[in-house]
Amino acid sequence: MADSKALTTREADFSAWYNDLIQRAQLADYSPVRGCMVIRPNGYAIWEQMQRALDDMFKATGHQNAYFPLFIPQSFLAREAEHVEGFAPETAVVTHGGGKELEEPLVVRPTSETIIYAMFAKWIQSWRDLPVLMNQWCNVVRWEMRTRLFLRTTEFLWQEGHTAHATEPEAQAETLEILGIYRRFMEEWMAMPVLTGLKTESEKFAGALKTYSCEALMQDNKALQAGTSHHLGQNFAKAFEVQFQTKEGGLDYVWSTSWGVSTRMIGGLIMTHGDDRGMVCPPRLAQWQVVVIPIWRSDEEQAVTCEAARTLVAELSAAGIRATADTRDGIKPGAKYFEWEARGAPLRLELGPRDLAAGTAMMARRTGGKEPIPMDGIAARLRDELDAMQQALLDAAIARREANSLRGPKSKEEFIAFLEGDGGFVYAGFCGDPLVEAEIKAATKATIRCIPDEEFRSAEQPTTCIWTGRPATVEAVWAKAY
RNA sequence: CGGGGCGUGGCGCAGUCCGGUAGCGCGUCCGCUUUGGGAGCGGAAGGCCCCGGGUUCGAAUCCCGGCGCCCCGACCA
């Protein structure tokens, strides 16, 4: 990688391409601790952009940030039966502190429901205290058997929202509102189209009543679950005695939700837009939307073009465009082009003596195309280019997903052939039997990604189960998944 | 946890079969020339050859035992 100048191509080995790209773009690196990753500045900058956008959306819908501790008493996890069953096998446990064995071991949070509900129980007494709309940005640890940078690491960064409501419909509405926010973020910021829908019983969060998810299709036609929103019912409220006095004077358990997205989204970003030259970062999430590269021959030209580049950067920054100038000496312009392309910078402006004389800059798009543009009114022009690129990336990703989706296979054989071939999303009838779901998974390696929300459903709804021929209760979407 | 691959200067690798005092490319540092798509020449630094035992006059190489990482599966955001 440091040596071979070209990345492994996606076609040759998608998995190797993904790993190469992350190294080349300096997004992350392997840590001395197995399964953990170091997020490098280029990668962390993307996470910060993501955080900012999502945090604004959460705040705009009345949520507040808080912070709960990393350590959770082991007994807390055990209070909700399904929850403990789901998470116990993958927790890290601290048994010693200050050189002594602890009286009760502490679990490093795999998610924070338990400690949060323990606190909610103290804070919530009356219907007047509701709803509680809370979020936290933090790290969590899940002891995974097999890890991949960004997609699945032992420790990862995420946000987890936790809300408590007086009624079931309010909790349901919250669950869906967040799902909508996630979807909007993924489409409008990441330019990554997602299918939203309900998870089946076997795929839902341990302890939830219902789980909804955002499912994206990667370039290798595997699905990525990019975000989840859970309606927890009164399960945790009952386990942690989160009760409140109702308006009518009675006593009831709160209805709650939880929801999260993680640094996994960065993996989704890579596998949605990346190409054989490297990362392609949608403008709205790019650390640097425009990179100015001065070009010179003599010392005098160097001084002039670098100065012009800095002036241009200042002008663009003033116009709200994230721009930087790469004035490094001793590296030829071509080398800089390759480097910034690998990092996914949306636009590059080459600024040399010829351009300065002509009052233009040579603009190159990361998505292809290079042309001179006038310096006059350049900020407005670049703003338009960035907006157009943002939209074009989304359009292309939607087109790719649709080209790799199969609706209404005529037979079980066609269904299997699709999944065993190039793959992608396949929409088909399902009888709702968990045993059938498991059988399909065993036979095809594909899982039900979700039971799609209304707008994603096929115009013609299937009437029979693709596997058993029995009457279909729903239309489901299958795919092999990360 | 099963299957496969691999641990050798910062990175990628050769050398291992057949033991003989460690090499190549890239990167790094210095100098000069360069700079519109990955620069050239000259010089330099940098290595408990994953760890521990054993065999041998001698081990990167052979034997035994560990550890770690990557990839592919089973389980999971």
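Quick note: numbers below take in every heavy atom, side chains included, and nothing from hydrogens, waters or symmetry partners. Per chain, numbering begins at 1; letters A, B, ... match sequence-line order.
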On a whole-Å scale, what distance lies between the [atom1] atoms belonging to [N] and [M]?
N      : M      : atom1 : answer
B/rC71 : B/rA59 : C1'   : 31 Å
B/rA60 : B/rC76 : P     : 47 Å
B/rC62 : B/rA45 : P     : 32 Å
B/rG15 : B/rC49 : C1'   : 10 Å
B/rC32 : B/rC51 : C1'   : 46 Å
B/rG27 : B/rC69 : C1'   : 22 Å
B/rG9  : B/rC48 : P     : 9 Å
B/rC18 : B/rG43 : C1'   : 38 Å

Just name whichever nucleotide pairs with [N], Watson-Crick or G-U, keeping both distances under 3.5 Å, else none.
N      : result
B/rG23 : B/rC13
B/rC41 : B/rG31
B/rC48 : none
B/rC18 : none
B/rC67 : B/rG7
B/rC1  : B/rG73

Could you tell me whether A/E315 and A/R310 make a salt bridge, using a distance below 4.0 angstrom between a side-chain N and a carboxylate O?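 Result for this pair is no, no salt bridge flagged.
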Should the pair A/R366-A/D275 be classified as a salt bridge under the 4.0 Å nitrogen-to-oxygen rule?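 Salt bridge present between A/R366 and A/D275.
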In terms of ring plane angle, is the pair A/W17 and A/F14 parallel, tilted or perpendicular, where the classes change at 30° and 60°?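 The rings of A/W17 and A/F14 sit tilted, inter-plane angle from 30° to 60°.
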Ring-plane angle category for A/F58 and A/W137, please: parallel below 30°, perpendicular beyond 60°, tilted otherwise.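 Rings of A/F58 and A/W137: tilted, 30 to 60°.
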Length of the [atom1]-[atom2] vector between [X] and [N], whole Å:
X      : N      : atom1 : atom2 : value
A/Q302 : B/rG36 : CD    : P     : 13 Å
A/F338 : B/rU35 : CZ    : P     : 18 Å
A/E300 : B/rU35 : CD    : P     : 13 Å
A/K332 : B/rA39 : NZ    : P     : 5 Å
A/F87  : B/rC75 : CZ    : C1'   : 13 Å
A/Y18  : B/rC70 : OH    : P     : 13 Å
A/L149 : B/rA77 : CG    : C1'   : 16 Å
A/K480 : B/rC75 : NZ    : C1'   : 17 Å

Would A/Y337 count as stacked on B/rG37 if the rule is ring centres under 5.5 Å and plane angle under 30°?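 No.
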Taking the nucleotide of RNA chain B with the closest heavy atom to each, which residue, A/F205 or A/L356, is nearer the 5' end?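 Nearest-nucleotide comparison on RNA chain B picks A/L356.
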Quick check on RNA chain B: between A/F150 and A/G352, whose nearest nucleotide comes earlier from the 5' end?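 The answer here is A/G352.
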Less than 6.0 angstrom from the centroid, inside 45 degrees of the normal: does A/R142 satisfy that with respect to the ring of A/W158?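 Here A/R142 passes the 6.0 Å and 45° test against A/W158.
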Considering residues, nucleotides and ligands other than A/W143, do more than 12 of their heavy atoms fall under 6.0 Å from its CH2?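 For A/W143, atom CH2 is not crowded (no more than 12 foreign heavy atoms under 6.0 Å).
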Among [options], which nucleotide sits nearest the side chain of [X]?
X      : options                : answer
A/E350 : B/rG36, B/rC71, B/rC76 : B/rG36
A/K445 : B/rA74, B/rC72, B/rG38 : B/rA74
A/R148 : B/rC71, B/rA77, B/rG36 : B/rC71
A/R152 : B/rC76, B/rC70, B/rG37 : B/rC76
A/N19  : B/rC75, B/rG36, B/rC70 : B/rC70
A/R297 : B/rG36, B/rU35, B/rC72 : B/rU35

Can you tell me if [X] and [Y] form a side-chain donor-acceptor pair at under 3.5 Å?
X      : Y      : result
A/T153 : A/T147 : no
A/T447 : A/R449 : yes
A/R148 : A/S15  : yes

Base, sugar-phosphate alone, or nothing: which one does [X] contact when heavy atoms must sit under 4.0 Å apart?
X      : value
A/P353 : base
A/T153 : base
A/E144 : base
A/K370 : base
A/L151 : base

Within less than 4.0 Å of OP1 or OP2 of [N], is there a side-chain N or O belonging to [X]?
X      : N      : value
A/S15  : B/rC72 : yes
A/R264 : B/rA77 : no
A/K336 : B/rG38 : no

If you go through the side-chain atoms of A/E341, does one of them form a donor-acceptor pair with the base of B/rG38 closer than 3.5 Å?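 No, no donor-acceptor pair under 3.5 Å.
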With hydrogens left out and only the distance checked, is there a donor-acceptor pair under 3.5 Å joining A/R348's side chain and the base of B/rG37?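 Indeed, a donor on one side and an acceptor on the other fall under 3.5 Å apart.
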